[in-house]
Amino acid sequence: MKINTWFGVLETGRTGEILESRLLSKDIRVLALHSLSLRDSRSDLPPERFDPKAAALECGFVASSAEYYSLLHEVTLEAAKHQVSSALTPDQRIIQAVEALDDINETTNSLSERLSEWYGGYFPESGLGGEDLALFIVKYGSRENVGSEDPLHSKARASMGAKLEPADEALLIGFAESVCSLYERRRQIEVYIENSMELIAPNLKLIAGPMLGARLISLAGSLEKLAGFPSSTIQVIGASKALFKHLRSRAPSPKHGIIYSHPLINTAPWWVRGKIARAVASKLSLAARIDFYSGERDHSLPEKLETKVLQIKTLNPRPPQKKQESGAKLKKKRRK
Amino acid sequence: MPEVKKLSDGVFEVIKDKKQLATRNLDPGETVYGEKLIPVEGIEYRTWDPRRSKLGAMILKKFHIPLKENSKVLYLGAASGTTVSHVSDIVSEGAVYAVEFAPRSMRDLIGLASRRKNLHPILADAGKPDSYSHLVEPVDLIFQDVAQPNQAEIAARNAIRFLKKDGHLLLSIKARSIDTAANPREIFKEEVRKLEQAFEPGFEILNAKDLVPYQEDHLGVLAKFKK
Ligand SMILES: C[S@@+](CC[C@H](N)C(=O)[O-])C[C@H]1O[C@@H](n2cnc3c(N)ncnc32)[C@H](O)[C@@H]1O
């Protein structure tokens, strides 16, 4: 009987004695790669309760049990390291970037709100928010410093806001600088995602746009998984929060995955949205498959999708007939 | 001076202010997950938190832990190595084969294993024991904590392949992972039944207890092959 082990191939006789052995060299890298290559092999598996240590001693691969364990230790470590490092594929990097983007958005929003709350005490009439406000504070600090060339000049002079003391001003400027750099970081990540999508999922990017495409990969877990989903699943990806709610409270079952943020869907009249969503999902699924399996760009995809969408719209120019309409209204009421 | 009481081979109770479960640190000076190090007469003990380790909880619930200094252990669902580190302490002259399939957890486990000679990390799916059969020797204990719906089946497959005839299976069963709605008691009964009848000759259940108050919704099971 032939037996594959991490240190070589053995030929054993009827009582398990070793007749012949082809042993590998004691090179950790070689042994680790060999071990990895055996993961998926279905042939020449060791029998139940086979003892590789006893075999390694018997055929002379190692001289002692201590040597066996020390080699095995190095080999399993090397193999695991190899697997872990190859687990960080390009689509996994995109997923990290998408998650970083979400974190940054959340932080930026809450810090921006804090800044606006805080500075509002000193210049409530500014009408600025978000990045504009942060840039304004970094530039001027106190509203007293707003020059006459600035459109906010007169408002700043007439403001009912409190006087900003130097110590507070320094704090606020520092805080505003941090907020600005978060907005900067956000743009940097968006560019990164866009470039990476171009490289690893150009077709998905064509159909979905870089951000929606990246989010689909992120929610699916990998490009491979996304490519394996039927389009009906792609249609509801990202609806899982709504799905749990549905299971708990019998809320209406969610039909709206994140693909509903797609411009072809969210600008469509309500009565064709479902149909268009199905068409978009099916093209997204196709695009993900091409990206995963061939990687070649198919420029005709967006055009085909637009034709399909146009066709749906032409076939359904008006909302459905009265009967159904009243049904739809009823449903809507119940949802509230 | 803290007082030390031996509970079983390699497992101790250190009494310093309060009673604490502990093992002797195989990697002196290093902590793994923020546990305390307590030196007593030149030996460093590492406290073991039963709220973070199902095996720790089982010990405090008076499960017999069939481990000796030179035991061989197959550990399924190693995660980042919290419990594995204590098993590695206990079998200081033995071997721990630690299987985990999440690359993120494996990253931490590799860090741990590189400091502990008796720990052999394996990135693989515990449901496919064939994929690591070229590495693992027959073992005295299979410890499993995978929190998967097919946990009984995973245990059976690994036992048939790797468990010595007189070896033991120690299992943590999580009620939630199988069915979110059903009653935990019913789930536990069903899982135990699966273990008893999963295959020929099946397992004999030696002990089955919940792990309250240390772990919620978990059942500990100790089993061996039926004669
Ligand atoms: C509850 S955690 C284990 C915690 C660990 N036993 C401890 O106490 O430190 C479960 C782990 O099992 C892993 N896991 C789940 N299914 C698995 C499988 N089929 N093969 C290998 N690992 C699995 C998960 O990735 C997770 O890390």
Side-chain angles (χ1 to χ4, degrees), chain A residues 2-10 24 31-32 34-57 65-89 92 95-96 99 221-222 244 247-248, chain B residues 70 72 74 78 81 88 91-125 128-140 156-167 180-181 199 225:
Chain A
K2 218 170 124 190
I3 297 178
N4 272 321
T5 72
W6 62 273
F7 51 85
V9 188
L10 311 174
L24 284 112
L31 289 165
H34 173 69
S35 171
L36 289 174
S37 76
L38 290 179
R39 272 176 309 168
D40 304 315
S41 124
R42 303 246 165 277
S43 53
D44 307 325
L45 291 171
E48 289 167 10
R49 297 189 190 84
F50 171 75
D51 189 346
K53 182 181 60 176
L57 284 163
S65 141
E67 191 195 356
Y68 177 83
Y69 284 123
S70 125
L71 268 176
L72 176 70
H73 180 73
E74 299 291 328
V75 169
T76 53
L77 263 179
E78 179 70 23
K81 279 182 192 164
H82 187 89
Q83 282 169 287
V84 167
S85 66
S86 54
L88 205 63
T89 50
Q92 294 304 315
I95 292 175
Q96 290 291 340
E99 283 173 8
S222 68
F244 284 129
L247 292 177
R248 267 205 317 269
Chain B
N70 63 355
K72 316 290 187 276
L74 176 58
S88 152
V91 302
S92 53
E93 300 294 319
V96 186
Y97 298 88
V99 178
E100 169 58 53
F101 74 174
R104 176 64 192 86
S105 299
M106 183 50 76
R107 224 156 76 193
D108 295 338
L109 197 60
I110 288 172
L112 185 71
S114 61
R115 311 184 53 91
R116 291 171 171 263
K117 292 244 161 285
N118 63 357
L119 183 51
H120 312 301
I122 299 174
L123 181 73
D125 181 349
K128 295 178 181 151
D130 283 353
S131 69
Y132 44 89
S133 61
H134 60 284
L135 287 166
V136 178
E137 65 185 310
V139 297
D140 304 289
R157 281 198 199 152
N158 282 278
I160 293 169
R161 225 181 196 313
F162 304 114
L163 191 59
K164 289 182 188 167
K165 285 275 191 254
D166 55 355
T180 40
F199 60 94
F225 284 121

Open item on the list: Around atom NZ of K117(B), are there more than 12 heavy atoms from other residues, nucleotides or ligands closer than 6.0 Å?
Closed with: no
TODO: Mind ranking S85(A), P46(A), A80(A), A79(A) by heavy-atom pairs under 4.5 Å with chain B and telling me who comes out on top?
DONE: P46(A)
TODO: Find the one option among L163(B), I122(B), V139(B) whose heavy-atom pairs under 4.5 Å with chain A are most numerous.
DONE: L163(B)
Task: Donor-acceptor contact below 3.5 Å, side chain H73(A) vs main chain A113(B) - done: yes
- [ ] To the nearest 0.5 Å, tell me how far E93(B) CD sits from S65(A) OG.
- [x] 10.0 Å
Open item on the list: I'd like to know if the side chain of Q83(A) reaches the main chain of L123(B), judged simply by a donor and an acceptor atom lying under 3.5 Å from each other, with no hydrogens or angles considered.
Closed with: yes
Open item on the list: If you count heavy-atom pairs within less than 4.5 Å of chain B, which of V75(A), L77(A), N4(A), V84(A) leads?
Closed with: L77(A)
Open item on the list: Using a 6.0 Å cut-off, check whether atom NZ of K164(B) has over 12 heavy atoms from anything other than its own residue.
Closed with: yes
Task: Sole residue of V136(B), L135(B), L119(B) in side chain to side chain contact (heavy atoms under 4.5 Å, CB included) with T76(A) - done: L135(B)
TODO: Check P138(B) against R49(A) and note the closest heavy-atom contact, atom names and distance.
DONE: CG-O, 3.5 Å
Task: Residues of residues 38-45 of chain A within contact distance of chain B, non-hydrogen under 4.5 Å - done: L38(A), R39(A), L45(A)
Open item on the list: Is Y69(A) close to chain B through its backbone or its side chain, or both, or neither, when contacts mean heavy atoms under 4.5 Å?
Closed with: both
Task: Close approach to chain A in residues 98-111 of chain B, criterion heavy atom under 4.5 Å - done: P103(B), M106(B), R107(B), I110(B)
Task: E137(B) side, atom CD; Y68(A) side, atom OH - distance, nearest 0.5 Å - done: 6.0 Å
